[in-house]
Asks: 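One structure coming up, written as structure tokens, with questions to follow.
The structure presented is a predicted model; accordingly, all values stated were derived computationally and were not measured. Note that ligands are numbered from 1 as they come in the structure, with each ligand's atoms numbered from 1 the same way. Every heavy atom of this structure was used, including side-chain atoms; hydrogens, water molecules and symmetry mates were not.
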Amino acid sequence: MIKVSDVAYARFAAPDLDRMETFLLDFGLTRQHRDDNSLYMRGTGPDHHLHVTHLVDEPGFIGMAFNANSMTDLDKLSKVDGALAVEQIDEPGGGHRVRITDPNGFQVETIFGQETLDPLPVNELIGPDHGPGHPRVHDVQRTEKIPCPVLRLGHVVLNVLDCDTMDEYYRSHFGFLQSDIAFVPGSDDELALVFLRCNKGKEYIDQHSLLFTKAKEPGLAHIAFEVEDINALFVRHEYLQTKEYEHSWGIGRHTPAANIFDYWFDNYGNRVEHFFGGDLLNEDDPTRTRHRK
Ligand SMILES: [Fe+2]
């Protein structure tokens, strides 16, 4: 069908925008737009926004957006069963989109032509990592515990009822490629876990922009923001501790993708991750299968 190029942003609902914004500022995002009914937060990269919150009584995850490569691709996608017509996005950042609801009920937007912004400076409070062979001689560092900006939205992870259905749907509709998979224990063909990367040909891209894990209830597992280096990840961890947010998991290193991770909960129980590093793959990489006992 088409090949999307990246994950663009995630949408949430919350009954109190101040409460959501407070967490996101502490997590390292920057306000791009705020009105009575919605909040748009950006990273330091050129994307207009990475995180959208709508004022709604019931908090929750609404869906996510992917970047398309052209209006032609949006036209093509709009012809798919269940897709809505191409429409102008009547929101900050503009652009066009096609909306579609996937087999597990998640709202998926595919967008093109959204406004881009001048990048923001990355906080350089943290010096290089001095290890053996690089002694810190007369190079005194006193790191403040403050939020440091995140760069971009790296991936979305969804709990899904049927990994095989979702895997087939996203590969055939959006051009995703399998990076790593794992089967349900005792099965040779039923997926329990599938890491999907975008197909940008020979260009090297994140090992996953999307990950499905088999679960009894569909829902958001987490969204993940990339940070500039491992030192920043540790410093931000301590800053979030001082604010007494609920910690989830980490700091650690994943096996597939091998990125460094740190998971927290926002003020409405959505899991959000800071990550650094990770495998970069292109169209030539095979699917890697992990066998679980
Ligand atoms: Fe993650």
Asks: Go through the structure and list residues passing salt bridge (charged side-chain N to carboxylate O under 4.0 Å, His left out) with Lys3, not counting sequence neighbours.
Replies: none
Asks: Between Arg152 and Asp206, does at least one N-O distance fall below 4.0 Å, as a salt bridge requires?
Replies: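 Salt bridge present between Arg152 and Asp206.
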Asks: Which residues and atoms, protein N, O or S only, are under 2.8 Å from the Fe ion (ligand 1)?
Replies: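 The answer, once waters are left aside, is His155 NE2, His222 NE2, Glu273 OE1.
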Asks: Under the rule for side-chain contact (heavy atoms from CB on, under 4.5 Å), what residues qualify as partners of Asn282, not counting sequence neighbours?
Replies: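 In terms of side-chain contact (heavy atoms from CB on, under 4.5 Å), with neighbours along the sequence ignored, Asn282 is linked to Lys202, Tyr204, Asp284, Asp285.
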Asks: Identify the residue among Met20, Met41, Arg34, Arg11 that makes a side chain to side chain contact (heavy atoms under 4.5 Å, CB included) with Thr53.
Replies: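 It is Met20; the other options fail the test.
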Asks: Which residues pass the side-chain contact (heavy atoms from CB on, under 4.5 Å) test with Asn159, not counting sequence neighbours?
Replies: Thr213, Ala215, Ala221
Asks: Compute the ring centroids of His237 and His247, then answer whether they are less than 6.0 Å apart.
Replies: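 Close enough - the centres of the two rings lie under 6.0 Å apart.
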